[in-house]
Amino acid sequence: MSHVLNDAALDQLFRQARTANGFLDTPISESTLRELYELVKWGPTGVNGAPARFVFLKSEEARNRLLPALMETNRAKTSSAPVTVIVGYDEDFHERLPYLFPHADAKRWYDDSHERRRETAFLNGTLQGAYLILAARALGLDVGVMTGFDHALVDEMFFAETAIKSSMLVNLGTADASKIFPRLPRLSFDEAARIL
């Protein structure tokens with residue numbers, strides 16, 4: 001990592017990127033979704049556990065199935081999105097550690113504590129959700145993230161009889177510029193950070 005990204009790239013990823021609250025009718029191909037995951041998978045996670053699991057709701061039928069679980073304010077934006085991603089985390093991620101982290105017996109670190117597995121999976125799965133957001137922006141997609149939904153219902157509909165739990169929903173597509181809110185303030189460095 002020897003060079004700094006140029007201003008155009010930094011703008012696309014951070015400074016000019018906005019939350020999409022509505023989308024144009026522009027489809028996203030399966031190959032783009034696969035390319036997106038190919039970027040996401042390289043983001044670091046604790047013990048390389050990669051606990052996130054992604055369900056890409058591309059068909060209208062699949063997205064409509066999700067709507068009853070959403071807060072009312074999130075339904076229209078989700079209906080307009082070409083793809084909604086359910087980002088989940090696998091509480092049994094440790095079962096794959098012999099493959100993902102072969103240089104230590106990391107699986108045994110989690111065998112005896114469901115709470116440790118849950119905390120690690122949630123934290124690192126959420127981190128992978130953030131990688132998804134940045135990877136989508138890097139590929140020229142607009143993003144709208146939501147946590148306002150009935151997690152238990154989503155888990156029942158999409159993750160029944162698994163150890164996977166939902167953490168967030170991410171709408172992907174080309175934003176409808178007329179539905180983007182004005183830029184909201186952010187905390188300054190001195191309000192949010194310190195150097196010791």
Side-chain angles (χ1 to χ4, degrees), residues 5-45 48-71 73-90 93 96 99-100 124-149 151 153-155 157-160 162 164-181:
L5 296 178
N6 65 32
D7 278 335
L10 294 173
D11 285 346
Q12 183 165 324
L13 293 175
F14 295 102
R15 295 187 291 232
Q16 299 301 318
R18 306 300 301 284
T19 297
N21 292 299
F23 295 86
L24 302 178
D25 187 19
T26 307
I28 299 174
S29 68
E30 181 178 331
S31 64
T32 297
L33 297 177
R34 289 179 176 278
E35 182 180 6
L36 175 60
Y37 177 75
E38 289 300 316
L39 291 174
V40 171
K41 75 179 185 182
W42 296 116
T45 57
N48 199 40
R53 303 294 179 261
F54 305 96
V55 179
F56 292 90
L57 305 179
K58 191 171 176 348
S59 72
E60 185 175 352
E61 176 187 357
R63 288 194 322 279
N64 286 341
R65 187 173 155 209
L66 177 68
L67 294 180
L70 302 182
M71 290 175 52
T73 55
N74 289 331
R75 290 181 183 163
K77 63 179 94 172
T78 300
S79 292
S80 72
V83 173
T84 300
V85 187
I86 303 171
V87 180
Y89 57 96
D90 186 352
F93 75 95
R96 296 175 187 250
Y99 169 69
L100 293 170
N124 287 280
T126 302
L127 180 60
Q128 288 183 278
Y131 297 147
L132 178 85
I133 294 163
L134 291 176
R137 288 175 173 175
L139 294 176
L141 297 171
D142 292 303
V143 177
V145 182
M146 300 172 291
T147 56
F149 63 95
H151 291 261
L153 183 55
V154 169
D155 294 349
M157 289 190 295
F158 295 95
F159 301 125
T162 73
I164 301 169
K165 308 292 183 206
S166 57
S167 66
M168 70 180 81
L169 305 174
V170 181
N171 287 329
L172 300 175
T174 301
D176 179 346
S178 71
K179 296 188 177 176
I180 293 177
F181 298 153

Checklist outcome for this item: The residue among T147, T78, L66 that forms side-chain contact (heavy atoms from CB on, under 4.5 Å) with L169 is L66
Checklist entry - What residues form a side-chain contact (heavy atoms from CB on, under 4.5 Å) with A81, not counting sequence neighbours? => result F23, T84, N171
Next on the checklist: Suppose we screen for side-chain contact (heavy atoms from CB on, under 4.5 Å). Which residues come up paired with D155, at least two apart in sequence or across chains?
Outcome noted: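 D155 satisfies side-chain contact (heavy atoms from CB on, under 4.5 Å) with F159, K165, S166 only.
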I need the minimum non-hydrogen distance between [X] and [Y], along with the two atoms involved.
| X | Y | result |
| --- | --- | --- |
| A136 | V143 | CB-CG2, 3.7 Å |
| V154 | I86 | CG1-CG2, 4.0 Å |
| L67 | S79 | CD1-OG, 3.5 Å |
| P27 | P82 | CA-CB, 4.3 Å |
| V87 | G129 | CG1-CA, 4.1 Å |
| L172 | V85 | CD1-CG2, 3.6 Å |

In a table with atom names and distances, give each donor-acceptor pair under 3.5 Å that connects a side chain of residues 7-14 to protein atoms at least two apart or in another chain.
residue: D7; atom: OD1; partner: R15; partner atom: NH2; Å: 2.8
residue: D11; atom: OD1; partner: R15; partner atom: NE; Å: 2.7
residue: D11; atom: OD1; partner: R15; partner atom: NH2; Å: 3.4
residue: Q12; atom: NE2; partner: R137; partner atom: O; Å: 2.6

Item to check | side chain to side chain contact (heavy atoms under 4.5 Å, CB included) between L36 and F54, intermediate numbers included | outcome: CA-CA 11 Å; L36 175 60; F54 305 96; over 6 Å; no
Check salt bridge (Lys or Arg N to Asp or Glu O under 4.0 Å) between [X] and all other residues, then give those that pass, not counting sequence neighbours.
| X | value |
| --- | --- |
| D90 | R53 |
| R75 | E72 |
| R63 | none |
| E30 | R34 |

Checklist entry - More than 12 non-hydrogen atoms from neighbouring residues, nucleotides or ligands closer than 6.0 Å to CZ on R18, yes or no? => result yes
Checklist entry - When you look at CG of D25, are more than 12 heavy atoms from neighbouring residues, nucleotides or ligands closer to it than 6.0 Å? => result no
Measuring from [X]:[atom1] to [Y]:[atom2], what's the distance to the nearest 0.5 Å?
| X | Y | atom1 | atom2 | answer |
| --- | --- | --- | --- | --- |
| S167 | N124 | OG | CG | 11.5 Å |
| D176 | T26 | CG | OG1 | 10.0 Å |
| K179 | L24 | NZ | CG | 9.5 Å |
| I28 | K58 | CD1 | NZ | 7.5 Å |
| F158 | L153 | CZ | CG | 8.5 Å |

Item to check | Worked verdict on F181 versus N21 for side chain to side chain contact (heavy atoms under 4.5 Å, CB included) | outcome: CA-CA 8 Å; F181 298 153; N21 292 299; 3.6 Å; yes
Checklist outcome for this item: F149 meets the ring-ring contact (aromatic ring centres under 6.0 Å, His included) criterion, sequence neighbours left out, with H151
Item to check | Listed partners of Y89 passing ring-ring contact (aromatic ring centres under 6.0 Å, His included), at least two apart | outcome: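 F122.
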Checklist entry - After noting the C-alpha distance and the side-chain angles of L100 and F93, does the key distance pass the side chain to side chain contact (heavy atoms under 4.5 Å, CB included) rule? => result CA-CA 10 Å; L100 293 170; F93 75 95; over 6 Å; no
Checklist entry - Who passes side chain to side chain donor-acceptor pair (under 3.5 Å) against S59, sequence neighbours left out? => result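 Counting only residues at least two positions away or on another chain, S59 forms no side chain to side chain donor-acceptor pair (under 3.5 Å).
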Checklist entry - Among all residues two or more places apart in sequence or in another chain, which pass the side chain to side chain donor-acceptor pair (under 3.5 Å) test with N48? => result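 For N48 there are no side chain to side chain donor-acceptor pair (under 3.5 Å) partners, ignoring immediate neighbours.
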Checklist entry - Run the side chain to side chain contact (heavy atoms under 4.5 Å, CB included) check on M146 and K77 step by step: do they pass? => result CA-CA 10 Å; M146 300 172 291; K77 63 179 94 172; 4.1 Å; yes
Checklist entry - Do V83 and L141 have side-chain heavy atoms sitting under 4.5 Å apart? => result no
Next on the checklist: Give me each pair satisfying side chain to side chain donor-acceptor pair (under 3.5 Å) with a member in residues 36-45, each pair once, sequence neighbours excluded.
Outcome noted: E38-K41
